[in-house]
Each structure stands twice: as C-alpha cells, then as structure tokens.
Undergrad: 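Next up is a structure, given as structure tokens.
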2 protein chains.
Amino acid sequence: MQMKTAEITEEVAEELTVDCGQGSSHTDCHKVIIPVRDALDVISGKWKLPIIIAVSRGHKRFRDIERSIPKITSKVLSKELKDLEAHKLVKRTVYDTQPVSVEYTLTSYAATLDSVILALQRWGIQHRKKIIGK
Amino acid sequence: MQMKTAEITEEVAEELTVDCGQGSSHTDCHKVIIPVRDALDVISGKWKLPIIIAVSRGHKRFRDIERSIPKITSKVLSKELKDLEAHKLVKRTVYDTQPVSVEYTLTSYAATLDSVILALQRWGIQHRKKIIGK
DNA sequence: CCGCATCCCCAAGGATACTG
DNA sequence: CAGTATCCTTGGGGATGCGG
C-alpha cells in the first residue's frame with residue numbers, strides 16, 4: 001500500500017494544455033488550467049464539502065462525523081479524511097484513552113478556502129436561478 | 001434517449017445535507033453545499049476548462065477546438081460542448097454552407113465565471129506551493 | 001467537416017463483514 | 001470506537017468506425 005494520497009496532479013501538467021493559437025496573451029493557458037485543477041481536486045467530489053462543513057460545525061469524532069452525513073460509508077469517510085489531512089485542511093489528533101479516541105478538526109489553513117467556497121456558492125445560486133428559474 | 005444534459009442536481013438536495021448538530025448558525029449547511037455542487041458540476045471535470053479556454057482564445061470550429069486540445073476525443077468534446085451549451089456558457093451557431101459549418105463561441109454569461117475561476121486559480125497556485133514546495 | 005454509435009475497460013465507491 | 005478488508009456494481013471515458 002504505497003502513498004496514493006495527496007497526489008497533486010503531477011504528470012498532467014504536460015497534457016492538459018491548450019494550443020492557444022494566435023500570439024496568446026500573457027495569461028498562458030495552462031497557468032490557468034493547472035492551478036484550477038489543483039484546487040478542484042481538493043474540494044470537488046461528492047463528500048469533501050459535507051465533511052468540511054460537518055467538522056467545522058463541531059463534529060470531531062469519526063463516528064460523529066459519519067452519523068452526521070447521511071449515506072456516507074466508513075470506508076469513504078476514512079479515505080476522504082486522509083485526503084483532507086494530506087492537504088492540511090484537517091488535523092487528526094489521537095488521544096491515548098481506552099479505547100483510543102481520535103479527533104478531527106479543521107486547520108487554520110482551511111479558512112483560506114472560504115473565499116473559494118464563497119465564490120462557488122454565489123455563482124451556484126445565481127446559476128440555478130438562471131437555468132431552472134428561467 | 002432522454003434529455004440527460006443540463007441536469008442541475010435535482011434530487012441530491014435531500015441527501016447531501018449535513019446534520020449540523022448544535023443550533024446550527026444561520027449559514028444553513030446545504031445552502032452551502034448545493035450551490036457549490038451546482039457550480040462544481042459546471043466547471044469541474046477533465047475537459048471543461050480547457051474547452052472554455054480554447055473557445056475563448058478564438059478556436060471556433062469543432063475540428064479546430066479538437067485539435068487545440070491534446071488527447072481529447074470527438075465524442076467527449078461533443079458531449080462537453082453540449083453540456084456547456086445547456087448551461088448557457090457556449091453558443092452554437094450553424095452556418096448553412098456546404099458542408100455545414102458550426103461555430104462555437106462563449107456567451108457573455110460565461111464571463112460571470114471569471115471570478116470563480118480566478119478564486120480557484122489563486123488558491124490553487126498558493127496551495128501547490130504549500131503542499132509541494134514545503 | 002461534424003459529430004453519433006458501439007464496444008470495452010477500469011477505477012470510484014456502495015454493501016457487508018471483520019479486527020485492534 | 002476507529003477504522004480495514006473483500007466483493008461487486010456502475011458509468012465515465014478511451015478506441016474505433018460509420019453516417020449526414
């Protein structure tokens with residue numbers, strides 16, 4: 001079982017370019033694409049946001065988080081928490097009790113995501129209106 | 001073959017909630033999750049960004065777009081363009097030439113994505129530094 | 001040129017059960 | 001409690017080929 005987590009899209013850099021054609025302005029194509037994909041890899045997926053929110057709301061214990069998110073399985077939760085930890089968004093603390101208890105909390109770094117989430121949220125709200133409501 | 005495109009996550013609304021536990025502040029959980037997922041559905045995925053960028057750079061013809069994006073297949077491009085069109089980000093214009101030619105352009109609405117993309121890009125850049133560079 | 005149809009593969013993730 | 005292990009399904013997307 002080798003370190004599979006925290007793979008910050010390494011190889012992709014070459015392939016996901018776009019041939020800009022005419023003299024391409026300074027905003028070089030893949031200087032947009034790569035960072036955006038990095039960011040998306042961290043927060044997209046079915047469970048990342050629910051987990052981040054659950055933890056931010058004070059659910060710290062594994063079971064606690066699991067119960068607070070309908071339909072998630074322990075396997076998936078386990079994996080996602082590892083990912084989030086690898087990306088320094090979540091901190092895992094083990095307490096030497098009997099049996100061991102583990103607490104998950106958001107790191108202060110996680111707060112840097114706020115502006116991103118807010119931008120997505122705003123756009124999502126107005127977009128739903130545009131597509132459905134119209 | 002029923003309309004599969006432009007599905008703005010309808011059903012999910014119920015399941016993807018988080019039990020907020022203690023008196024949950026006004027930012028209600030799934031009022032964050034649902035819009036964010038809506039937004040992510042539009043721009044995440046392997047090809048959405050490359051396509052948007054390619055089109056914005058003046059690649060209008062199908063073949064032209066296809067050639068400008070390494071490794072994409074016509075099937076995928078076709079599907080993605082339909083998605084983007086359904087979300088009003090891309091406009092498809094058919095010209096009555098022989099044989100027919102088709103042009104894809106960004107709608108003015110697509111510009112509203114800029115702030116979202118910028119937020120993702122900024123965060124992605126600094127995040128890569130944090131994870132790799134550190 | 002602009003796509004759609006078909007076949008195929010594989011990894012994400014559900015269900016279920018089990019350990020320290 | 002805090003996860004792992006195993007099995008199995010599913011659909012996204014690559015490869016290829018054809019039709020308007």
Side-chain angles (χ1 to χ4, degrees), chain A residues 1-5 7 9 11-12 15-16 37 40-51 54-55 59-86 90-105, chain B residues 1-5 7 9 11-12 15-16 37 40-51 54-55 59-86 90-105:
Chain A
M1 175 187 294
Q2 71 281 42
M3 184 69 160
K4 262 273 297 176
T5 256
E7 38 180 356
T9 19
E11 13 39 77
V12 188
E15 302 146 25
L16 272 184
R37 285 191 57 78
L40 287 178
D41 286 345
V42 174
I43 58 169
S44 77
K46 199 171 177 181
W47 304 111
K48 300 284 169 54
L49 260 296
I51 292 170
V55 175
H59 297 280
K60 304 187 176 200
R61 311 293 302 277
F62 189 90
R63 264 287 138 96
D64 192 13
I65 300 171
E66 188 178 357
R67 263 182 280 106
S68 78
I69 303 177
K71 308 238 175 192
I72 199 171
T73 64
S74 56
K75 175 182 157 189
V76 172
L77 178 56
S78 171
K79 178 192 168 272
E80 300 290 286
L81 281 172
K82 274 180 193 159
D83 286 355
L84 293 173
E85 195 190 351
V90 159
K91 181 162 191 295
R92 186 186 127 111
T93 320
V94 181
Y95 292 100
D96 204 6
T97 56
Q98 198 51 252
V100 270
S101 60
V102 180
E103 274 195 9
Y104 294 92
T105 50
Chain B
M1 175 187 293
Q2 70 281 39
M3 184 68 161
K4 262 274 297 177
T5 255
E7 40 181 355
T9 19
E11 16 32 84
V12 187
E15 302 145 25
L16 272 184
R37 285 191 57 79
L40 288 177
D41 285 345
V42 175
I43 58 170
S44 76
K46 199 172 177 181
W47 304 111
K48 299 285 169 53
L49 260 297
I51 292 171
V55 175
H59 297 282
K60 305 186 176 200
R61 310 295 304 278
F62 189 91
R63 263 289 138 97
D64 192 11
I65 300 170
E66 188 178 0
R67 262 181 280 107
S68 77
I69 303 176
K71 308 236 174 192
I72 199 170
T73 65
S74 59
K75 174 181 156 189
V76 172
L77 179 56
S78 172
K79 178 191 167 274
E80 300 290 287
L81 282 171
K82 272 181 195 159
D83 286 354
L84 293 174
E85 196 191 349
V90 158
K91 181 162 191 295
R92 186 186 129 112
T93 320
V94 181
Y95 292 99
D96 203 8
T97 55
Q98 198 52 251
V100 270
S101 60
V102 180
E103 274 194 11
Y104 296 91
T105 50

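So you know, we letter chains A, B, ... as the sequences are listed, proteins then strands, and number each from 1.
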Undergrad: Is there a donor and acceptor pair closer than 3.5 Å between the side chain of Ser74(B) and the base of dC4(C)?
TA: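 Yes, a donor-acceptor pair under 3.5 Å.
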Undergrad: Using a cut-off of strictly less than 4.0 Å, decide whether Lys82(B) has a side-chain nitrogen or oxygen near OP1 or OP2 of dC4(C).
TA: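 Lys82(B) to dC4(C) OP1/OP2: side-chain N or O found under 4.0 Å.
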Undergrad: Whole angstrom is fine here: how far is it from CD in Glu66(A) over to P in dC1(D)?
TA: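 That distance rounds to 9 Å.
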Undergrad: Mind calculating the distance between NZ (Lys79(A)) and P (dA5(D)) to the nearest angstrom?
TA: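 Lys79(A) atom NZ is separated from dA5(D) atom P by 16 Å.
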Undergrad: Expressed as a whole number of angstroms, how long is the span from Trp47(A):CH2 to dG13(C):P?
TA: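 For the pair Trp47(A) CH2 and dG13(C) P, the rounded distance is 9 Å.
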Undergrad: Provide the closest heavy-atom pair for Ile65(B) versus Lys60(B) in the form atom of the first, atom of the second, distance.
TA: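 In terms of heavy atoms, the two residues are closest at CD1-O, 3.8 Å.
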Undergrad: Are Lys82(B) and Glu85(B) close enough for a salt bridge, meaning some N to O gap below 4.0 Å?
TA: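 A salt bridge is absent here (no side-chain N lies under 4.0 Å from a carboxylate O).
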Undergrad: Quick check on dG3(D): is either OP1 or OP2 less than 4.0 Å from any side-chain nitrogen or oxygen of Tyr104(A)?
TA: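 Result: yes.
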Undergrad: Quick one: Glu85(A) CD to dG3(D) C1', roughly how many Å, whole number?
TA: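 Whole-Å distance recorded here is 13 Å.
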Undergrad: When you get a sec, tell me which of dG13(D), dA2(D), dT4(D) is the closest nucleotide to the side chain of Ser101(A)?
TA: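 So the nucleotide nearest the side chain must be dA2(D).
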Undergrad: Which nucleotide sits closest to the side chain of Pro99(B): dC4(C), dC1(C), dG14(C)?
TA: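 Within the option list, the nearest is dC1(C).
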Undergrad: Which whole-number value in Å describes the distance from Asp83(B) CG to dG3(C) C1'?
TA: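 Spelled out: CG on Asp83(B) to C1' on dG3(C) is 15 Å.
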Undergrad: With a 4.0 Å cut-off on heavy atoms, is Tyr95(B) in touch with a base, just the backbone sugar-phosphate, or nothing at all?
TA: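 Answer is nothing: Tyr95(B) stays at 4.0 Å or more from every strand.
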Undergrad: For Asp64(B) and His59(B), which heavy atoms make the closest approach, and how far apart are they?
TA: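 The pair with the smallest heavy-atom distance is OD1-ND1, 3.0 Å.
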Undergrad: Base of dG14(C), side chain of Lys75(A) - is there a donor-acceptor contact under 3.5 Å?
TA: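 Yes, a donor-acceptor pair under 3.5 Å.
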Undergrad: Is it true that a side-chain atom of Arg92(A) and a backbone atom of Glu103(A) form a donor plus acceptor pair closer than 3.5 Å?
TA: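 A pair under 3.5 Å: no.
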Undergrad: Let me know the distance between NZ of Lys71(A) and C1' of dA15(C), rounded to the nearest Å.
TA: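 That distance rounds to 13 Å.
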Undergrad: For Glu103(A) and dG3(D), what is the distance between atoms CD and C1' respectively, to the nearest whole Å?
TA: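 It works out to 17 Å between those atoms.
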Undergrad: With side chains defined as the heavy atoms from C-beta onward, is the minimum distance between Leu84(A) and Lys48(A) less than 4.5 Å?
TA: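 The answer is yes, as the side chains (C-beta and beyond) meet within the 4.5 Å cut-off.
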Undergrad: Whole-Å distance between dC2(C) C1' and Gln98(B) CD?
TA: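 Atom-to-atom, Gln98(B) to dC2(C), this comes out as 13 Å.
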Undergrad: dG14(C) phosphate, OP1 or OP2: any side-chain N/O from Lys46(A) under 4.0 angstrom?
TA: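 Result: yes.
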Undergrad: Please confirm whether the shortest side-chain N or O distance from Arg61(B) to OP1 or OP2 of dC2(C) is below 4.0 Å.
TA: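 For Arg61(B), the contact criterion (side-chain N or O under 4.0 Å from OP1 or OP2 of dC2(C)) is met.
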Undergrad: Can you tell me which nucleotide in dA2(D), dG13(C), dC1(C) comes closest to the side chain of Arg63(A)?
TA: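 In terms of side-chain proximity for Arg63(A), the closest of dA2(D), dG13(C), dC1(C) is dA2(D).
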Undergrad: Could you check which of dG14(D), dA2(D), dG3(C) has an atom nearest any side-chain atom of Arg92(B)?
TA: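 Closest nucleotide to the Arg92(B) side chain: dG3(C).
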Undergrad: Both Val100(A) and Gly45(A) contact DNA chain C. Which one's nearest nucleotide lies toward the 5' end?
TA: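 That would be Gly45(A).
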